[in-house]
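Remember, predicted model here, so these are calculated numbers, not experimental data. Residue numbers start from 1 in every chain, and the chains themselves are labelled A, B, ... in the order their sequence lines are given, proteins ahead of strands.
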There are 2 protein chains.
Amino acid sequence: MGRGKLQLKRIENKNNRQVTFSKRRSGMMKKAHELSILCDVDLALIIFSARGRLYEFCGCNERRWIRILNTFQVEGPRIEQLRLSELIQLEQKLDGMLRQTRRRKTQLMMEAIACLQEKVKKLNEQKQLMEKMIAAAESKDALQHEDLVMEQAGNNSKPPPQNVVLQLL
Amino acid sequence: MGRGKLQLKRIENKNNRQVTFSKRRSGMMKKAHELSILCDVDLALIIFSARGRLYEFCGCNERRWIRILNTFQVEGPRIEQLRLSELIQLEQKLDGMLRQTRRRKTQLMMEAIACLQEKVKKLNEQKQLMEKMIAAAESKDALQHEDLVMEQAGNNSKPPPQNVVLQLL
DNA sequence: GTCCCTATTTATAAGGG
DNA sequence: TCCCTTATAAATAGGGA
């Protein structure tokens with residue numbers, strides 16, 4: 001595109017290269033954004049500028065990063081190809097992420113456990129309370145309608161009290 | 001581009017959406033490739049198709065993946081935002097990668113150590129050999145040029161034999 | 001899905017400030 | 001470096017097979 005036709009090879013003029021980088025980078029970012037909206041897909045575009053260690057980034061949330069991580073073993077770095085210094089760097093990175101992940105996981109699980117314990121406790125209290133109520137109601141029925149109690153015994157007395165309580169909640 | 005002007009919103013017609021996805025995806029891949037060549041930069045373009053778990057990928061080698069990993073803490077998933085099931089998945093992924101990395105690191109280090117030990121052994125052998133040669137040469141000099149030996153004593157005798165040997169190799 | 005075609009819209013190379 | 005302009009090269013929507 002543009003005034004001249006483009007050869008697919010490294011642009012040697014430093015200034016032109018920088019200008020082209022800037023233009024095409026923003027062009028790609030725009031297209032990436034359009035694609036994600038138009039077609040409703042997840043995508044990531046990551047560009048490292050040649051000098052410096054700046055990078056660009058587009059359209060990724062937490063979930064997408066996980067998916068990107070999942071591409072690692074398929075298309076990602078073949079560990080065998082890395083040098084020792086790179087392995088050490090990678091190890092530190094992974095170790096840090098893993099620690100962070102485990103800390104958060106532990107935290108969530110502890111919260112979930114505490115929450116469930118609380119629920120169990122409350123339910124047990126309610127259960128005991130209702131068992132008493134049922135027992136009271138039955139003894140009352142026994143006094144006022146002895147005949148009915150005899151008829152419905154198969155329905156009301158068979159299921160253990162817990163079930164009655166649970167169904168009520 | 002094309003016959004009609006495009007609205008930046010999800011394409012509702014499923015067929016059109018799929019066609020557009022396919023066209024634009026290949027267009028972006030091409031542009032990504034061009035950018036990496038023309039401007040000599042590292043970049044990654046990762047696209048997840050809406051259905052299925054297919055992904056596309058472009059222009060990343062081992063080194064680039066490491067750089068991508070490095071963007072994690074800056075722009076990557078905020079661990080705090082993930083759900084328990086995602087954390088577990090992430091943990092397994094990281095754990096596997098970390099094991100693999102450490103295994104390879106250990107392997108490389110062991111190789112390096114063995115290699116260096118070998119070198120040290122050889123050097124020590126050479127050192128001992130040359131110490132003997134030097135000792136022999138000195139005693140020979142002492143017999144033939146007692147005066148010269150006396151003059152050069154400050155230069156030749158001061159440095160310990162090891163240094164002499166190391167400089168020779 | 002894919003490939004081809006063509007009218008149009010976009011992207012962008014080159015150049016100047 | 002960024003912004004503007006303009007001529008041109010590319011990308012692509014819509015449609016057909």
Side-chain angles (χ1 to χ4, degrees), chain A residues 1-61 63-64 66-68 70-71 73-76, chain B residues 1-61 64 67-68 70-71 74-75:
Chain A
M1 318 145 203
R3 302 272 174 145
K5 196 165 185 175
L6 191 61
Q7 302 248 6
L8 190 55
K9 51 171 283 195
R10 181 188 144 106
I11 296 171
E12 291 305 333
N13 180 295
K14 192 177 173 180
N15 196 45
N16 285 353
R17 192 167 66 241
Q18 172 57 37
V19 171
T20 292
F21 176 66
S22 180
K23 286 182 176 179
R24 282 177 173 256
R25 175 169 45 107
S26 63
M28 286 207 62
M29 289 292 169
K30 186 181 173 195
K31 287 218 169 272
H33 182 236
E34 288 177 358
L35 183 56
S36 73
I37 302 276
L38 291 173
C39 302
D40 196 20
V41 296
D42 283 345
L43 88 176
L45 173 59
I46 302 167
I47 303 177
F48 301 98
S49 75
R51 68 185 191 77
R53 345 193 10 76
L54 312 178
Y55 58 86
E56 309 285 326
F57 178 85
C58 172
C60 266
N61 61 20
R63 208 113 322 131
R64 288 165 195 168
I66 302 246
R67 300 179 83 175
I68 289 175
N70 276 330
T71 68
Q73 277 172 10
V74 191
E75 290 279 0
Chain B
M1 319 145 202
R3 302 275 173 142
K5 196 164 182 174
L6 189 62
Q7 302 246 8
L8 189 56
K9 52 172 283 197
R10 181 188 143 106
I11 297 171
E12 292 304 334
N13 181 295
K14 191 177 173 180
N15 197 44
N16 285 354
R17 191 167 66 241
Q18 172 56 37
V19 171
T20 293
F21 175 65
S22 181
K23 286 182 176 179
R24 282 177 172 255
R25 176 170 43 108
S26 62
M28 286 210 63
M29 288 292 167
K30 186 181 173 194
K31 286 219 170 273
H33 182 236
E34 287 177 357
L35 183 56
S36 72
I37 302 276
L38 291 173
C39 302
D40 195 22
V41 296
D42 284 345
L43 88 176
L45 172 59
I46 303 168
I47 303 177
F48 301 98
S49 74
R51 69 187 191 76
R53 348 192 6 74
L54 312 178
Y55 58 86
E56 310 285 326
F57 177 84
C58 171
C60 266
N61 61 20
R64 288 165 194 167
R67 302 179 82 174
I68 290 175
N70 276 331
T71 69
V74 191
E75 291 279 0

Base partner of dT1(D), which must satisfy Watson-Crick or wobble distances under 3.5 Å =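 The base-pairing partner of dT1(D), which may sit in any strand shown, does not exist here.
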What's the [atom1]-[atom2] distance between [X] and [N], to the nearest Å?
{"X": "Phe21(B)", "N": "dT2(C)", "atom1": "CZ", "atom2": "C1'", "value": "15 Å"}
{"X": "Met29(B)", "N": "dA10(D)", "atom1": "CE", "atom2": "C1'", "value": "18 Å"}
{"X": "Leu35(A)", "N": "dA11(D)", "atom1": "CG", "atom2": "P", "value": "15 Å"}
{"X": "Lys14(A)", "N": "dT1(D)", "atom1": "NZ", "atom2": "P", "value": "9 Å"}
{"X": "Asn16(B)", "N": "dG15(D)", "atom1": "CG", "atom2": "P", "value": "8 Å"}
{"X": "Gln7(A)", "N": "dA10(D)", "atom1": "CD", "atom2": "P", "value": "11 Å"}
{"X": "Arg24(A)", "N": "dA14(C)", "atom1": "CZ", "atom2": "P", "value": "11 Å"}
{"X": "Leu6(A)", "N": "dA7(D)", "atom1": "CG", "atom2": "C1'", "value": "16 Å"}

Look at [X] and [N] and indicate whether a side-chain polar atom (N or O) is within less than 4.0 Å of OP1 or OP2.
{"X": "Thr20(A)", "N": "dT12(C)", "answer": "no"}
{"X": "Arg3(B)", "N": "dC5(C)", "answer": "no"}
{"X": "Lys30(B)", "N": "dA11(D)", "answer": "yes"}
{"X": "Lys31(A)", "N": "dT12(D)", "answer": "yes"}

Starting at the 5' end of DNA chain D and moving along, which residue's nearest nucleotide shows up first, Gly2(A) or Arg25(B)?
->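 So the residue in question is Gly2(A).
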Rounded distance [0.5 Å steps], OG in Ser26(A) versus CZ in Phe21(A) =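 These two atoms lie 10.0 Å from each other.
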Can you name the nearest heavy-atom pair linking [X] to [Y], along with the distance?
{"X": "Leu38(B)", "Y": "Lys9(A)", "result": "CD2-O, 3.3 Å"}
{"X": "Arg24(A)", "Y": "Leu35(B)", "result": "CB-CD1, 3.8 Å"}
{"X": "Arg17(A)", "Y": "Ile11(A)", "result": "NH1-O, 2.9 Å"}

base_contact_polar (dG14(D) base, Lys23(B) side chain, donor-acceptor, <3.5 Å) =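 Donor-acceptor pair under 3.5 Å: yes.
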Would one find more than 12 heavy atoms of other residues, nucleotides or ligands at under 6.0 Å from atom CD of Glu12(B)?
->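 Yes, CD of Glu12(B) has more than 12 neighbouring heavy atoms, counting only those of other groups under 6.0 Å.
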Which part of the nucleic acid, if any, lies within contact of Lys5(A), taking any heavy atom under 4.0 Å across all strands shown: a base, the sugar-phosphate backbone alone, or nothing?
->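 Sugar-phosphate contact only - Lys5(A) comes under 4.0 Å of backbone atoms but never of a base.
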For the side chain of Met1(A), counting heavy atoms from C-beta on, which of dT2(C), dA11(D), dA13(D) is nearest?
->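 That would be dA11(D).
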